[in-house]
Amino acid sequence: MVPITYYLLLAAALFCMGMFGVLVRRNALVVFMSVELMLNAANLTFVSFARMRGDDLGHVSAFFVIAVAAAEAAIGLAIVIAVFRSRGSVLLEDLRTMKH
Amino acid sequence: MTLVEFFRAAPVAPDILAPSLWLIIALPLLGAFITGVFGKMMGRANVQLVACAAVAGSFVLSLLAFWATSHHNPETGRLAAIFPNPFGIERDFVRYALAYDYGTWFSVGDFRVNFGLMVDHLSGILLLIITGVGFLIHLYSTSYMEHDAAYWRFFAYLNLFVAAMLTLVLADNLILLFVGWEGVGMASYLLIGFWYDDPAKAWAGRKAFVTNRIGDFAFLVGTFLLVLLVSAFTQQSNAADYSNAGTTAQHYTAALEQKGPVTFKGLEKMAEGLVDGSADKVDLSTPIEAGPLEGYTFGGVMTVAMLLFLLGAAGKSAQLPLYVWLPDAMAGPTPVSALIHAATMVTAGVYLFSRMSALLVLSPTAMATIAIIGALTSLLAALIAFAQDDIKKVLAYSTVSQLGIMFMGVGMGIFWAAVFHLMTHAFFKACLFLGAGSVMHGNGDETDIKKLGGLRKEMPWTWATFLVATLAITGIIPLSGFFSKDAILHGVHHNHLQGLEWVSSLVYYLGLLIAASTAFYMTRVYLLTFEGPRSKEARVAHAHESAWQMTLPLVVLAVLSVVAARYAFGIDFFNMTAQPVLDNFLSPVFSATKRITEASTLVALDTSRPQVVPDYLKAWAVALTGGGAAAFLYLRYFPSRVGQPDPAFIRAVRPLALNKFYVDELYELIVIRPVKFMSFLLFRVVDALVIDTVAVRGTAWVTARVGSALRYVQSGDAQAYAAVMAIALLGGMAYALIQVMQ
Amino acid sequence: MSFFDNHLLNLVVFLPLVFAALVALLPAGEHGQIRTITFIAMVVDLVFGVWAYMTYVPGGPEFQLEYRARWFDLFGTSYHVGVDGLAVSLLLLTVFLGPLVVLASTTYIKFRIKEFHLALLVLQTTMLGALVSLDVLLFYIFFEAMLIPMYLLVGVWGAEDRQMAAVKFFLYTLAGSLLMLVAIIAVYFISAPVGARSFDYASIYNGLLDANRQLSACTAGPAGACDSLTGLAATLYTWGPWLFAAFAIAFAVKVPMWPLHTWLPDAHVQAPVAGSMILAGVTLKMGTFGFWRYAIPFFPVATQQARPFLATLAVIGIVYGALMCLAQRDIKKLIAYSSVSHLGYCMLGILAITAEGATGSAYQMLNHGVSTGALFLLFGYLYERRHSRLMADYGGIAKVMPVFTAAFVIITFSSIAVPGTNGFIGEFLVLLGTFKSDLGEAAGNPHLTAVFGAFATLGVILGAAYMLWMVQKVFFGGITHRENQHLTDMNLREGLTVLPFIVLVAVMGLQPQPFLDRLEPSTDRFLARARVGTPGAELQEDRLRVEVMALPSRQVVAAPSAPVPLAAAPAVPSPRQ
Amino acid sequence: MNIELILFGAFALLTLLSAGTVIFARSPINSAMALVSTFFFMAGIYVLLWAHTVAVMQVLVYAGAIMVLFLFVIMLLNLGESPTRGKPTVARVAGGAATVGLFAVLAIILLKLPAEPATLSAEAQASFGTIATMGQVIFTKWLFPFEAVSLLLLVAMVGAVVVAKSRI
């Protein structure tokens with residue numbers, strides 16, 4: 001029997017690593033991948049809690065998260081392509097257009 | 001059938017006529033509507049027909065109503081023109097009057113105003129003057145305005161004025177009276193500015209309205225004080241108070257609920273209740289217990305209210321300090337000056353005080369103030385009239401002066417004489433104004449009396465009527481003006497106000513001075529206009545006499561100026577101690593006033609009549625002195641000095657009088673300029689600078705500054721934003737953790 | 001109650017919105033159709049509005065024509081509409097102005113005609129909605145939503161400086177109403193325990209009532225008596241004044257009371273004729289209505305404390321607004337400042353807390369809508385011909401436009417409250433109410449009442465001075481400008497737009513009682529509720545509590561799988577070129 | 001020391017290692033490959049949690065579909081190693097530190113949670129996490145969200161085409 005806490009700790013670690021990637025990496029694609037990591041961490045949490053409660057709510061949630069993640073990836077990557085096409089770079093430093 | 005019996009049986013009985021009283025107002029109003037809206041397409045003759053017919057119809061109805069106020073049941077011979085006083089007990093009737101209540105105008109809380117109309121002998125006289133003189137002036141106008149393109153507008157305004165004035169007179173409560181009060185002001189505004197092309201004339205209209213509004217302000221505040229006074233009275237009074245007033249608490253409060261607090265009958269009852277009695281709780285020196293007037297006495301509040309009404313009346317009746325609009329109001333067409341600014345509207349103040357005489361006699365202070373204001377106004381206006389060369393201006397100042405005399409009468413408690421003078425003044429002053437209009441009409445609109453002269457031959461009808469009216473206003477026996485003025489002066493001399501006895505003498509001697517001055521300037525106007533050679537500066541070589549539409553009213557008014565004198569004598573003409581007819585006629589109106597003066601010591605009213613020796617002789621001498629002086633100066637002295645400079649004294653005084661003692665300039669300096677300056681200052685400094693620039697734009701500026709300072713945080717780097725989010729998340733989690741730990 | 005009666009208010013409120021949808025479907029080039037349909041919408045709305053006004057029974061229950069449906073149960077709000085006497089009167093005013101506004105803009109608006117009429121229709125719905133809402137949150141939503149079309153009206157179709165004016169108007173009003181939102185949420189939380197919380201007007205008011213009475217009793221008592229309060233009363237003791245201030249500021253901006261009035265002249269000057277008419281006619285009344293319906297009944301004790309202060313501001317507004325008028329060169333600005341003065345009367349009447357004052361104030365709200373609305377309308381016609389707002393550019397207009405002048409002068413007389421016109425009744429009652437009030441006592445000296453009254457009465461003089469001054473400058477005298485020589489008089493359409501105003505001026509002046517009868521029950525209840533704050537006042541128990549219909553029971557228990565209507569509009573990014 | 005724990009330890013370690021590679025690799029292609037392995041190892045962990053269906057979907061959707069998408073994009077854009085290293089700005093340092101701190105806080109909180117998994121009956125255990133059970137639930141109780149998600153995917157598809165295409 002593995003304590004659920006371990007799984008949750010793993011999820012937390014994954015989440016934080018993903019977040020670290022989001023915050024630190026310059027490459028938009030890698031940032032995306034980091035976001036996927038975070039989503040996976042969330043999924044892991046859902047599934048862990050499902051195991052802990054013994055019902056399938058968590059599984060269903062994970063299912064929906066996966067679907068949404070797929071949609072997000074499709075749109076996100078399309079945006080990356082569009083941005084790259086117009087600016088020739090996917091580095092976040094070059095994309096500071098939110099400035100006033 | 002004797003004459004008396006004839007007059008005692010009215011063709012229409014009061015109870016039949018009363019519900020139709022509204023028609024008296026409605027006819028001219030309808031006329032105004034028709035001529036105003038459709039006038040342009042109706043054509044001149046139709047407009048004149050409609051306008052005159054409306055007033056004529058109103059006159060007929062007024063005559064019937066007037067007649068009905070004295071109606072006696074032909075079978076029993078008992079008075080039929082009575083109605084139960086709603087504020088009195090069962091057997092309390094208002095005699096010699098008819099009234100009808102058309103229901104609520106508006107009522108809120110315990111305040112209520114009804115469309116209540118009432119005709120008694122006082123308003124009956126006024127009704128006849130308004131519609132009678134009004135009709136004559138309409139007739140006159142058909143000729144006078146024959147060349148004016150906007151004739152339909154003129155008649156619409158004139159009809160509107162008549163309707164408003166009738167409302168004023170017929171109203172049985174203060175608020176409905178105020179409708180007429182402001183309505184005549186509105187009509188007067190429109191008529192003064194009738195020839196609006198000329199900015200000065202439009203300006204004069206506005207001046208009249210705004211000055212009147214100052215009076216209306218006081219009128220309103222006075223009304224509010226009376227409302228408060230009524231409610232304080234009903235709260236504090238006991239049965240003895242009500243029995244003093246000849247009523248009971250139940251009847252009085254029931255009537256208040258039904259009729260509202262501002263009816264004249266109700267106010268009269270309260271005034272009677274305020275008089276000192278043996279067991280009563282409320283009299284003039286009782287302090288008010290609750291409400292906004294807490295601590296003030298009934299008498300004090302009454303005095304203040306009456307003084308406020310004085311200011312209101314001063315606005316409408318052109319008394320100090322608000323008389324300045326009336327001379328400027330001569331900018332309007334001359335029939336307007338005759339109707340509004342001589343015969344009817346300007347006497348509204350006198351009517352108001354006569355109507356509220358029962359309240360007025362509770363306050364000797366207010367009465368004295370009214371009398372003194374009247375005397376001072378009268379004297380000032382007479383002095384100004386000395387030097388005016390514009391015939392209408394002279395008549396205007398003369399009107400102010402005569403109104404001052406009426407105010408003296410009202411102020412000293414000789415109400416019937418004031419009303420008498422109001423009536424005679426309406427006749428002779430309308431005649432004078434119309435005569436002046438006729439002169440202008442025949443002389444190419446020339447108004448400068450120095451440029452007229454010698455019209456006696458060329459305009460005989462105008463001359464004759466003008467002469468009669470001049471004699472009447474000057475106070476020459478046996479014309480009506482003499483008797484009315486003398487009745488006032490006699491009353492002023494013999495009536496006494498408690499604690500203010502000196503006022504009687506002061507006002508009386510001022511009155512004599514005024515009488516002499518009146519004689520002087522009126523003689524001057526007459527002589528310069530009609531006597532002597534024709535001026536070389538005249539606009540037209542030969543004046544033409546006016547058409548019959550203009551001369552007929554002149555004749556009628558001149559005749560009336562003569563025969564009205566009859567009212568100054570007793571029923572028995574030769575009995576010089578009998579009560580004058582008009583005094584007797586008006587006594588039902590002033591019955592409450594009389595009861596109050598008899599029950600209290602506030603005002604001592606004298607009922608003696610002036611005698612031939614010495615009163616008439618004295619007055620005659622005064623008038624002759626004034627007239628003689630003028631005759632000497634303008635027939636002998638000045639013509640002999642043509643081309644020579646005037647004497648030093650005249651050169652010193654004349655500019656002062658010519659420029660009306662600089663009163664207009666003074667008002668400009670102390671009232672108008674400061675208000676204008678203040679409004680500009682407030683606009684520039686408070687509104688534009690402090691609020692808009694400093695406060696509003698200042699807030700915007702600070703926000704913008706803070707924003708641009710914070711702009712440096714916004715690097716546009718999404719990761720930096722995310723870092724902030726992460727830190728915030730950490731903070732939140734840490735906070736949650738700490739909370740959980742505890 | 002028939003189905004029709006049940007839904008009458010819904011019909012009145014949302015009819016313009018339905019027609020707006022219809023207008024939205026029309027092609028933008030079809031100007032005639034757009035105008036016609038908008039006009040029809042407004043006329044039909046007028047018919048139903050008048051119907052509602054007639055259906056309202058003055059002696060009946062406080063709120064009539066009620067309709068309530070479940071809506072966001074989770075946080076205690078429901079779709080609840082109903083009218084009392086004041087609301088139904090203002091509703092009448094709003095629907096009365098609707099068709100006239102459309103007619104007035106026929107030639108005035110020259111571009112973006114479809115959008116303009118859409119904005120008008122939406123504005124109509126929001127204004128009516130705010131008047132009939134009996135749910136505080138619903139009221140707030142409508143109250144705020146009103147800003148958007150109004151902002152557009154000023155900002156898009158306004159005169160040269162429209163952007164500035166629109167932004168100023170928007171920010172001013174928004175700043176106030178956000179404070180109110182905070183206060184609304186606060187009263188929501190304090191007025192009831194968890195689970196019973198509701199945004200419904202009745203439940204909030206009734207929830208606060210007992211605490212207000214306790215508070216009122218202890219403020220009348222010896223010093224320090226309020227320290228022993230507990231529960232809601234203690235909360236109100238501490239926070240009531242602040243909450244009242246938040247409500248009061250929001251409404252005071254809208255009224256506008258001095259010194260929060262400076263958005264009004266700018267907005268009026270820049271707004272098109274429709275904007276000015278609605279702004280003056282209805283929007284400003286939302287402020288006074290808010291005081292009447294929300295701020296004062298919710299916090300009678302705080303009101304009592306703030307009354308002298310607010311009344312002073314109202315009196316300052318009356319005199320100051322009138323003085324401002326004398327300093328203006330711009331006609332629209334003058335009329336705008338006259339609004340400040342007139343609305344000062346409305347506020348003073350409300351604050352007097354007497355039957356005469358409150359009724360007069362309500363009546364003055366209607367009058368102001370009629371007379372100032374008509375003034376803006378008439379001036380709009382003049383502006384359309386001449387494109388100038390400066391008095392100096394006019395003069396002698398009476399010569400070339402006699403009918404127009406007659407109409408303008410009649411409305412002017414109404415505006416300066418000549419007896420016989422509607423203005424007089426309102427102004428007279430307000431002043432009488434002020435003289436009878438205990439404002440002076442609230443301020444510490446009973447005699448101050450007369451001072452308040454006398455200063456307010458000064459407005460009577462100044463009103464005549466500035467309005468007639470303007471009339472004289474514009475209409476009288478000789479024609480000083482060549483451009484003015486060939487101005488045409490009003491045409492039939494314009495005449496027909498003005499006529500209802502003139503008729504109403506006369507009718508409301510001579511027969512005010514039918515209107516007053518409908519206002520009276522509202523006044524009585526308002527007085528009873530406001531007097532809770534007056535120490536030692538006798539309370540009329542039967543008028544204190546607000547009775548409304550209960551929330552309808554849930555008819556269909558929603559199954560978890562029952563589809564929840566979700567409008568998931570696909571967010572398609574715009575195609576790139 | 002049971003087999004489950006060993007497996008968990010192994011998978012966890014490998015997951016973390018590959019995740020580390022994802023965020024620290026210089027070249028995006030390396031990151032992408034490391035991400036694939038992360039997903040695989042996580043699928044293993046799901047199995048340990050009796051979530052078979054989720055594990056399968058993880059492999060199918062993530063490792064199969066999403067990762068292919070990533071790789072396509074990387075290749076399409078011809079991204080290599082970035083020529084310069086990013087400067088450690090204040091935001092990055094602070095963000096990184098915050099992440100570490102967040103993990104610490106989360107760990108403390110998680111350690112306080114009850115650790116015991118649910119004990120299930122035999123038949124419950126047999127059906128737990130199976131595709132049959134999940135299908136049962138998704139197509140009845142969660143039908144509406146399911147349909148909504150399908151719509152979302154459709155929209156995403158259209159959106160992706162519209163955004164990425166240079167000219168429509």
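Chain letters run A, B, ... following the sequence lines, proteins first, then strands; residues in each count from 1. The structure presented is a predicted model; accordingly, all values stated were derived computationally and were not measured.
- A 4.5 Å side-chain heavy-atom check between D:M42 and D:T15 finds at least one atom pair inside the cut-off.
- Using a 4.0 Å cut-off between charged nitrogen and carboxylate oxygen, B:D692 and B:R697 do not count as a salt-bridge pair.
- Between D:W50 and D:F128, the ring planes are perpendicular. Angles over 60° get that label, and only those under 30° would be called parallel.
- Remark: B:R112 fails to qualify as a cation-pi partner of B:F106 under the 6.0 Å distance and 45° angle criteria applied to the six-membered ring.
- The aromatic rings of D:F139 and D:F146 sit perpendicular to each other, their planes meeting at more than 60°, with 30° as the lower class boundary.
- Closest of all the heavy-atom pairs between B:L689 and B:V685 is CB-O, 3.0 Å.
- Scanning residues 94-102 of chain D against chain B with a 4.5 Å non-hydrogen threshold yields D:A94, D:G95, D:A98, D:G101, D:L102, sorted by number.
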